[in-house]
Amino acid sequence: MSASLPFGCCIAGVGAYVPERVLTNAELESLVETSDEWITSRTGIKERRMAAADEYTSDLGARAAIAALADAGVSATDVDLIIVATITPDMPFPATACLVQQKIGAARAAAFDLEAACTGFIYALEVARQFIQSGTYQTALIIGAEKLSSIIDWEDRNTCVLFGDGAGAAVLRRCPTGRGVRSVRLGSDGTKADILSMPGGGSRCPATEQSVRSRAHYLRMEGKEVFKSAVAAMCGAAREAMALAQVDIGAIGCVIPHQANRRIIDAVGERLGVAPDQVFVNLHKYGNTSAASVAVALQEAVAGGRVRRGDLVLMVAFGAGLTWGAAVLEW
Ligand code: UT7
């Protein structure tokens, strides 16, 4: 537990990058049988960003990382550790974190990827803070980056309207104990692995003509099942993280939830008893960007003055695995 560790861990800077190309609900109407009305009322999403054909997850991650380093006033050569959370790595190996390491010139950094789907950024926060609080490293860069457009089945209206591309990053640094990250709670439930997955491309279903024909290399989701688990898991993780940090919901200045569906965000906010204006939402602009979602939202909340120095922030996410996690931090 953090209290027995010699150091604290603070977020020293944040950065985000989303690709220029905007894909609107109206454009999706010409791709699949859907409507702006359906997408808006069922999800809250109005548009999302699409990376260019020659723009990869490592490019998105590197741009967010450079912005976070500038925000923190930290040089890339001071970074000891890079963790990239993603479900859309540039390739199965080497790690996208190594490609980011090269692109930003972080010559001294250890680098690896972490896969916890939409909870990836909070998992990365917890892993990196253990290295910092134990004294192993002083400076870590955590990045949530996704090119989800590369694994979307553009013929499946159940999923193709939901996701977008983007990246967010944070620089973590050693600080006095008691400040910065107050608590993190993580969880998982592999019994529900099948409700949200990409079955092809791994050891169970390597790429073959048949796997391509059966569309196994695309994301598949049983939306309703995921929805039901999401609300309960996010509320549970949030309550546990607040209990661990010994704060109650009234003390939280801003809640930064995973941006998957407006109805999920509203249900979580309602159950936790937070006022709607305390909950940060940018889902309408970007859709669900999986591991990038909380990271991009955090950057926008800080840049927009929704999170100020001294505020308590609650981040909470949920995703494939299933995985979930929540963190309380003092900004
Ligand atoms: O990031 C982590 C995980 N992801 C999530 O958290 C996503 C969780 N799930 C959801 O957000 C929602 O379940 C969805 C937005 C995916 C779906 O909303 P829903 O209210 O659960 O709808 P549904 O799946 O029950 O579908 C209702 C109807 C169906 O038609 P029938 O069977 O009732 O005739 C679907 O075929 O809506 C139909 N539908 C669509 N209609 C127009 C599904 N997708 C579309 C679409 N446009 N894009």
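Order of appearance sets the numbers: ligands from 1, and atoms from 1 within every ligand.
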Notebook entry, point to check: What protein heavy atom sits nearest atom 27 (C) of ligand 1, and how far away is it?
Noted result: Arg42 NH1, 3.5 Å
Margin query: Within the protein, is there a heavy atom lying under 4.0 Å from atom 31 (P) of ligand 1?
Written below: no
Notebook entry, point to check: Do the side-chain N and O atoms of Ser58 and Asp90 include a donor-acceptor pair separated by under 3.5 angstrom?
Noted result: yes
Next item on the list: Can you sort out which atoms of ligand 1 are near Ile264, meaning under 4.0 Å from one of its heavy atoms?
Entry: 6 (O), 8 (C)
Note to self: Under a 4.0 Å threshold between the charged nitrogen and the carboxylate oxygen, would Glu300 count as salt-bridged to Lys285?
What the structure shows: yes
Notebook entry, point to check: Is atom 24 (O) of ligand 1 less than 4.0 angstrom from some protein heavy atom?
Noted result: no
Next item on the list: Would you name the heavy atoms of Asp113 and Pro89 that are closest together and state the gap between them?
Entry: OD2-CB, 4.2 Å
Next item on the list: Could you tell me whether Arg215 and Asp153 make a salt bridge, using a distance below 4.0 angstrom between a side-chain N and a carboxylate O?
Entry: yes
Next item on the list: Can you pull out the closest protein heavy atom to atom 2 (C) of ligand 1? Residue, atom name and distance to 0.1 Å, please.
Entry: Cys118 SG, 3.4 Å
Note to self: I need the nearest protein heavy-atom contact for atom 29 (C) of ligand 1: residue, atom name and distance, please.
What the structure shows: Arg157 NH2, 4.8 Å
Next item on the list: If you have a sec, work out which protein heavy atom is nearest atom 16 (C) of ligand 1 and how many Å separate them, to one decimal?
Entry: Leu162 CD1, 3.8 Å
Item checked: Arg174 to Phe7, cation-pi by 6.0 Å centre distance and 45° axis angle -> yes
Checklist line | Under 4.0 Å to a heavy atom of Phe318 - the qualifying atoms of ligand 1, by number | finding: 2 (C)
Check: Backbone or side chain, does any N or O of Gly223 fall under 3.5 Å from an N or O of ligand 1?
Finding: yes
Next item on the list: Please step through side-chain contact (heavy atoms from CB on, under 4.5 Å) for the pair Asp194 and Lys192, ending with a clear verdict.
Entry: CA-CA 5 Å; Asp194 286 346; Lys192 293 187 179 151; over 6 Å; no
Item checked: Numbering as shown, the atoms of ligand 1 that approach Met221 to under 4.0 Å (heavy-atom distance) -> 4 (N), 7 (C)
Margin query: Has Glu146 got a side-chain atom pairing as donor or acceptor with Gly166's backbone, closer than 3.5 angstrom?
Written below: no
Next item on the list: For atom 47 (N) of ligand 1, grab the closest protein heavy atom and report residue, atom and distance to one decimal in Å.
Entry: Thr34 OG1, 2.7 Å
Check: Where does Leu196 meet ligand 1, judged by heavy-atom distances below 4.0 Å: at the side chain, the backbone, both, or neither?
Finding: side chain
Notebook entry, point to check: Just by distance, do the side chain of Gln259 and the backbone of Phe280 share a donor-acceptor pair under 3.5 Å?
Noted result: yes
Notebook entry, point to check: Of all the non-hydrogen atoms in the protein, which one sits nearest to atom 39 (N) of ligand 1, and at what distance?
Noted result: Trp38 CZ2, 3.4 Å
Next item on the list: Have a look at ligand 1 and work out which part of Asn288, if any, has a heavy atom under 4.0 Å from it: side chain, backbone, both or neither.
Entry: side chain
Item checked: Polar side-chain atom of Ser134 near backbone of Phe131 as donor-acceptor pair, under 3.5 Å -> yes
Notebook entry, point to check: Above 12 or not: heavy atoms from other molecules or residues under 6.0 Å from CZ of Arg262?
Noted result: no
Checklist line | atom 4 (N) of ligand 1 touched by protein heavy atom at under 4.0 Å | finding: yes
Notebook entry, point to check: So, Asn288 side chain and Leu162 main chain: donor-acceptor pair closer than 3.5 Å or not?
Noted result: no
Notebook entry, point to check: Between Thr43 and ligand 1, does any nitrogen or oxygen pair lie at a separation below 3.5 Å?
Noted result: no
Checklist line | For Glu33, the ligand 1 atoms whose distance to one of its heavy atoms is below 4.0 Å | finding: 42 (C), 47 (N)
Margin query: For atom 18 (O) of ligand 1, what is the closest protein heavy atom, and at what distance to 0.1 Å?
Written below: Arg263 NH2, 3.4 Å
Margin query: Would the distance check show the side chain of Lys147 and the main-chain N or O of Glu55 forming a donor-acceptor pair, the cut-off being under 3.5 Å?
Written below: yes
Next item on the list: Can you sort out which atoms of ligand 1 are near Val161, meaning under 4.0 Å from one of its heavy atoms?
Entry: 48 (N)
Notebook entry, point to check: Just how far is it from atom NE2 of His258 to atom SG of Cys118, taken to the nearest 0.5 Å?
Noted result: 3.5 Å
Margin query: At less than 4.0 angstrom from any non-hydrogen atom of His258, what atoms of ligand 1 do you find?
Written below: 1 (O), 2 (C)
Check: By number and element, which atoms of ligand 1 are closer than 4.0 Å to a non-hydrogen atom of Val226?
Finding: 3 (C), 4 (N), 5 (C), 6 (O), 8 (C)
Check: Do the side chain of Ser214 and the main chain of Gln210 share a donor and acceptor less than 3.5 angstrom apart?
Finding: yes
Margin query: For Ala260, which part has a heavy atom under 4.0 Å from ligand 1: side chain, backbone, both, or neither?
Written below: side chain
Margin query: Give me the nearest non-hydrogen protein atom to atom 11 (O) of ligand 1 as residue plus atom name, then the distance to 0.1 Å.
Written below: Asn261 ND2, 2.7 Å
Margin query: Applying a heavy-atom cut-off of 4.0 Å, say which part of Ile39 lies close to ligand 1: side chain, backbone, both or neither.
Written below: neither
